[in-house]
There are 2 protein chains.
Amino acid sequence: MARKIGSNGEKTAAELRAAAQRLFARHGYAAVSMRQIASEVGVQVGALYLYIADKQALLFELMDAHMTALSDALEAEPSLGDDPSARLERFVRFHLRWHLERTDAVFISYMELRNLEPQNFAKIEARRREYEDILGGILRDGVAQGVFHLADTRLGVFGIIALLNGVNTWFRAGRRLSLEGVTAIYLDMVRAAVGQKPAAQPSPD
Amino acid sequence: MARKIGSNGEKTAAELRAAAQRLFARHGYAAVSMRQIASEVGVQVGALYLYIADKQALLFELMDAHMTALSDALEAEPSLGDDPSARLERFVRFHLRWHLERTDAVFISYMELRNLEPQNFAKIEARRREYEDILGGILRDGVAQGVFHLADTRLGVFGIIALLNGVNTWFRAGRRLSLEGVTAIYLDMVRAAVGQKPAAQPSPD
DNA sequence: GTCTATATTACGATAGAC
DNA sequence: GTCTATCGTAATATAGAC
């Protein structure tokens, strides 16, 4: 399509979201001004409002896109049949890889919940519960089949999610541990925490 | 000492910190104005500056007081000798109880780190590392004595702290689970995660 | 599509009266 | 010890020129 020279609509829209994500993650939503974002994008502040209704909508769009992409990505993972151990391993591997590749979006999704207006907050929370309930299903099946030993699967979900998300607070690529190394260690901790017998786990890869 | 009627210095100072802690936890440091705090305290904004140098100092004082109280409280716990299992149990029980009784201060101490100026940030981080290294010592001793089986004690510390801190995101007193009920379940998960043999643990209380 | 300019409101912090 | 009033700055968002 013909576009005016110097007109950069789609590019500006993308850069706006990228800059906002970076700045919100670094300094926090409330501490970042629209002027700062505009400066990062390389336009004046007025130009931003061609692409967003207001600052709140910008935050919500970022978080909503993140949660949607998360659910979509998990659904796109190949299924591993009925074996709870295999499904748990798949979940842990997916969760760690996916979250460690998106540190800014993940950080925002956990830190900025309180800056969402009530309706927006409810939508994001619903998406998160959906995602976490997939893990819940794995744990419940595992307990029912006797391969996991867990006093409370609901707390098991909370515990595992918290354990895994904690990695984002300290992991930096290129240090002592690779993603694979971290994943192996955390897999051991998760399997142990759900009371999976070491004998029941498949040969390590 | 004689104090002018209507003069409320110490009370105002305490209420200022209490209000700031409550509001910072609810809405975030950057989103809370000094005017809001003053309104909660029941004074005009100018009066606040009798008790704090500026807003940043107020945040730092809250976080510093929190971390100092945390270290002091852990040190005041009775020692349990050399047995790593007993020390781990003591740590978990202390950490959960202490953190669940101070949800606002805990929330601030994890969420507002990025709003600290560099010097203040360094001080708070040093205090946190000190505290977490106490758990590190327990894990290292346990591994050395063969009662824990953990591939990486440093990641063990990160994992356990994240697991335990996650409780603050969902626990509410007076619901289905009591503090004691939660603690028992989390103790099981922690013991399992560090690879402690169930046979090695003392009789349940 | 972006700019400049601006309306409106709010911020942190201080000065001086009481 | 607290109040009122204010300084100087910056916020979000919009209007209209180009």
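Here is the naming used below: chain letters follow the sequence lines, and residue numbers restart at 1 for every chain. Model, not experiment: these values are computed from the prediction.
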Value in whole Å for how far the [atom2] atom of [N] lies from [atom1] of [X]:
{"X": "L58(A)", "N": "dA13(D)", "atom1": "CG", "atom2": "P", "value": "10 Å"}
{"X": "E10(A)", "N": "dT2(C)", "atom1": "CD", "atom2": "P", "value": "11 Å"}
{"X": "I37(A)", "N": "dA11(D)", "atom1": "CD1", "atom2": "C1'", "value": "12 Å"}
{"X": "K55(A)", "N": "dA10(C)", "atom1": "NZ", "atom2": "P", "value": "15 Å"}
{"X": "E15(B)", "N": "dG1(D)", "atom1": "CD", "atom2": "P", "value": "14 Å"}
{"X": "M34(A)", "N": "dT14(D)", "atom1": "CE", "atom2": "P", "value": "11 Å"}
{"X": "R35(B)", "N": "dT6(D)", "atom1": "CZ", "atom2": "P", "value": "13 Å"}

> Ion pair present between R129(B) and E132(B), side-chain N to carboxylate O less than 4.0 angstrom?
Replying inline: no
> Does NZ or CZ of R26(A) lie under 6.0 Å from the centre of the six-membered ring of F107(A), at an angle within 45° of the ring axis?
Replying inline: no
> Does NZ or CZ of R191(B) lie under 6.0 Å from the centre of the six-membered ring of F148(B), at an angle within 45° of the ring axis?
Replying inline: no
Out of [options], which nucleotide sits closest to the side chain of [X]?
{"X": "Q44(A)", "options": "dG1(D), dC3(C), dT2(C)", "value": "dC3(C)"}
{"X": "L50(A)", "options": "dG1(C), dC3(C), dC3(D)", "value": "dG1(C)"}
{"X": "A47(A)", "options": "dC11(C), dA13(D), dC3(C)", "value": "dC3(C)"}
{"X": "V43(A)", "options": "dT6(D), dT2(C), dA11(D)", "value": "dT2(C)"}

OP1 or OP2 of [N] less than 4.0 angstrom from a side-chain nitrogen or oxygen of [X], does that happen here?
{"X": "Y49(B)", "N": "dA13(C)", "result": "yes"}
{"X": "S33(A)", "N": "dA11(D)", "result": "yes"}
{"X": "Y51(B)", "N": "dT2(D)", "result": "yes"}

>> Using modelled atom types and a 3.5 Å cut-off, is there a donor and acceptor pairing between side-chain atoms of E101(B) and backbone atoms of W98(B)?
In response: no
>> Applying the side-chain contact (heavy atoms from CB on, under 4.5 Å) criterion to L100(A), which one of L164(A), V106(A), N168(A) satisfies it?
In response: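 Between L100(A) and the candidates, side-chain contact (heavy atoms from CB on, under 4.5 Å) is satisfied uniquely by N168(A).
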> When you match V45(A) and T12(A) each to their closest nucleotide on DNA chain C, which lands nearer the 5' end?
Replying inline: T12(A)
>> Taking any heavy-atom pair under 4.0 Å as a contact, classify V41(B): base, sugar-phosphate, or nothing.
In response: nothing
